[in-house]
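Hydrogens, waters and symmetry mates are skipped; everything else that's a heavy atom, side chains included, is used. Below, chains carry the letters A, B, ... as their sequence lines are ordered, and counting in each starts from 1.
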Number of protein chains: 2
Amino acid sequence: MKKPVRKEKPGSDKREHHYLNRMRHHSGKYEEFHWPSVELLINLAYTYEVIHSHLARRLDEHNLSLGAFNVLMVLSRFEGDGCPMHELGELLLVSRANVTGLIDYLARRKFVERTEDERDRRVRLVRLTKAGKKFLESILPAHYSRVREMFKGMSNRDKAALSELLMKLRHSTQSSLKRVSMNGGK
Amino acid sequence: MKKPVRKEKPGSDKREHHYLNRMRHHSGKYEEFHWPSVELLINLAYTYEVIHSHLARRLDEHNLSLGAFNVLMVLSRFEGDGCPMHELGELLLVSRANVTGLIDYLARRKFVERTEDERDRRVRLVRLTKAGKKFLESILPAHYSRVREMFKGMSNRDKAALSELLMKLRHSTQSSLKRVSMNGGK
DNA sequence: TATTGTTATACTCTATAACTATA
DNA sequence: TATAGTTATAGAGTATAACAATA
């Protein structure tokens with residue numbers, strides 16, 4: 001398996017200017033255009049991309065995809081009996097089919113193992129192996145200090161406010177989507 | 001080209017409970033763990049996923065990927081001369097190689113066309129065709145009203161505060177990343 | 001030598017359909 | 001019939017390297 005070295009991307013703020021310029025133009029042109037909403041969408045996407053690509057790059061150094069990392073994180077709370085595969089899918093918003101692939105990969109690296117559920121022989125329980133637990137514990141300190149470092153420029157107060165607002169946005173969006181889908185929107 | 005129908009995913013809030021539970025556990029276990037930062041990361045990722053997957057699904061109904069849509073949006077501000085391909089890449093944080101693919105697709109649908117730059121014969125300028133402009137104008141009203149509808153549950157005040165905080169977070173992260181990369185972090 | 005765009009390639013992520021084995 | 005997991009497949013997104021044409 002070849003592992004090419006990835007180049008980090010600089011944050012060009014040409015982008016910010018372009019977006020603002022485009023918004024100004026469209027806001028006069030489309031009646032449905034709602035500045036605060038569009039601005040929010042752009043900021044959410046752009047900010048997420050910057051953070052996501054940085055973290056993915058760091059995990060890549062351990063040959064871990066973000067999906068695989070998330071699986072390990074979820075399993076770290078299921079020691080003992082293990083977690084049914086379909087439940088992993090629900091927690092990660094990933095389809096059953098794709099969970100199979102992630103677990104296959106992690107099982108090849110001996111980080112997880114599948115066992116059978118005695119009570120329902122259709123389900124397979126997944127749990128961390130000793131090696132998997134050890135591996136996760138070896139990378140988490142660096143991960144957590146990276147997260148802390150990355151967000152250092154903001155006060156805890158701002159972080160809490162931002163978390164709060166993001167949660168509010170998510171709930172609002174989800175209930176709006178539910179409403180639409182009940183009215184026949186696909 | 002087969003187009004299977006996609007199922008919308010319900011927002012299960014099992015997820016939220018699991019995350020909080022895991023954070024509580026790790027916060028006692030890892031010294032580097034910083035609750036406000038980790039909470040923020042999780043909220044950012046989860047909220048983005050919900051919104052992104054909804055919008056991607058809607059664009060899919062026009063056989064448009066999010067990337068292709070973004071290209072059209074960028075080009076809508078470059079009428080006249082057109083935009084060099086490498087600049088498209090910078091504005092979308094996408095590599096030159098991948099821009100080629102997006103433009104190929106949009107050119108096949110006759111939404112964009114490539115012309116040559118007289119002043120520098122290495123570069124190719126891309127611009128919307130009449131058909132492309134018409135297409136974009138036909139889908140934007142629904143797009144913008146969807147965005148507005150999606151965020152309806154929040155006040156404009158909250159939206160503005162959220163935008164502001166996201167921008168702050170992005171700038172803080174970017175300068176932190178720049179600092180790390182200057183100190184030899186790859 | 002450096003840059004623009006292209007081609008080739010590869011891995012991740014997401015999504016669906018069809019299959020099996022259980023319930 | 002319905003659910004859990006698997007297999008196969010496909011398209012989107014991202015990334016790198018090597019190349020031709022031009023600067």
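- Evaluation of atom-type donor-acceptor distances gives a pair under 3.5 Å for the side chain of A:Asn98 against the base of C:dA15.
- Judged purely by distance below 3.5 Å, without hydrogens or angles, the side chains of B:His26 and A:Tyr144 pair a donor atom with an acceptor atom.
- Within the 4.0 Å cut-off from OP1 or OP2 of C:dT6, at least one side-chain nitrogen or oxygen of B:Thr100 is found.
- In this structure, CE in B:Met73 is found 10.0 Å from CE in A:Met23, a value given to the nearest 0.5 Å.
- Atom pair B:Arg58:CZ and C:dA15:P shows a separation of 12 Å (rounding to whole Å applied).
- Ion pair A:Glu32/B:Arg146 not flagged as a salt bridge, since none of the NZ, NE, NH1 or NH2 atoms sits closer than 4.0 Å to an Asp/Glu carboxylate oxygen.
- Phosphate contact (OP1/OP2 of C:dT14, side-chain N/O of B:Arg57, threshold under 4.0 Å): absent.
- As a whole-Å value, the separation of A:Glu116 CD from C:dA21 P is 13 Å.
- The phosphate of C:dG5 has OP1 or OP2 within less than 4.0 Å of a side-chain N or O from B:His86.
- The distance between atom NE2 of A:His62 and atom P of C:dC11, rounded to the nearest whole Å, is 20 Å.
- For A:Arg124 against D:dG5, a side-chain-to-base donor-acceptor contact under 3.5 Å is absent.
- One can place CG of A:Leu102 at 12 Å from P of D:dT6, the figure rounded to the nearest angstrom.
- Taking only side-chain nitrogens and oxygens, A:Ser65 never comes nearer than 4.0 Å to OP1 or OP2 of C:dC11.
- Atom-to-atom, CG of B:Leu59 to C1' of D:dG13 comes out at 15 Å; the value is rounded to the nearest Å.
- Distances were taken from every side-chain heavy atom of B:Arg122 (C-beta onward) to each of C:dT7, D:dT22, C:dT14; the shortest belongs to D:dT22.
- When every heavy atom of B:Asn21 is checked against every heavy atom of A:Arg77, the shortest pair comes out as OD1-NE, 2.9 Å.
- Counting only heavy atoms from C-beta on, A:Ser53 has its side chain closest to D:dA15 among D:dA15, C:dG5, D:dG13.
- Interatomic distance, B:Phe111 CZ to B:Leu75 CG, rounded to the nearest 0.5 Å: 12.5 Å.
- For the pair A:Ser95 and C:dT16, the criterion of a side-chain N or O lying under 4.0 Å from OP1 or OP2 is not met.
- Looking at which nucleotide of DNA chain D each of A:Pro84 and B:Leu66 is closest to, the 5′-most match is held by A:Pro84.
- B:Arg96 comes within contact range of at least one nucleobase, with a heavy-atom separation under 4.0 Å.
- When distances are taken from the side chain of B:Ala97 to each of D:dG5, D:dA8, D:dA17, the shortest belongs to D:dA17.
- Summarising the geometry, the separation between CG on B:Leu64 and C1' on D:dG11 is reported as 14 Å, rounded to the nearest angstrom.
- What separates CG of B:Leu92 from P of D:dG13 is a distance of 11 Å, to the nearest Å.
- B:His18 and A:Phe78 have parallel rings, their planes meeting at less than 30° on a 0 to 90° scale where 60° marks the start of perpendicular.
- Between A:Leu106 atom CG and C:dT12 atom P there is a gap of 11 Å when expressed in whole angstrom units.
- Look at A:Arg114 and you'll find a side-chain N or O under 4.0 angstrom from OP1 or OP2 of D:dT6.
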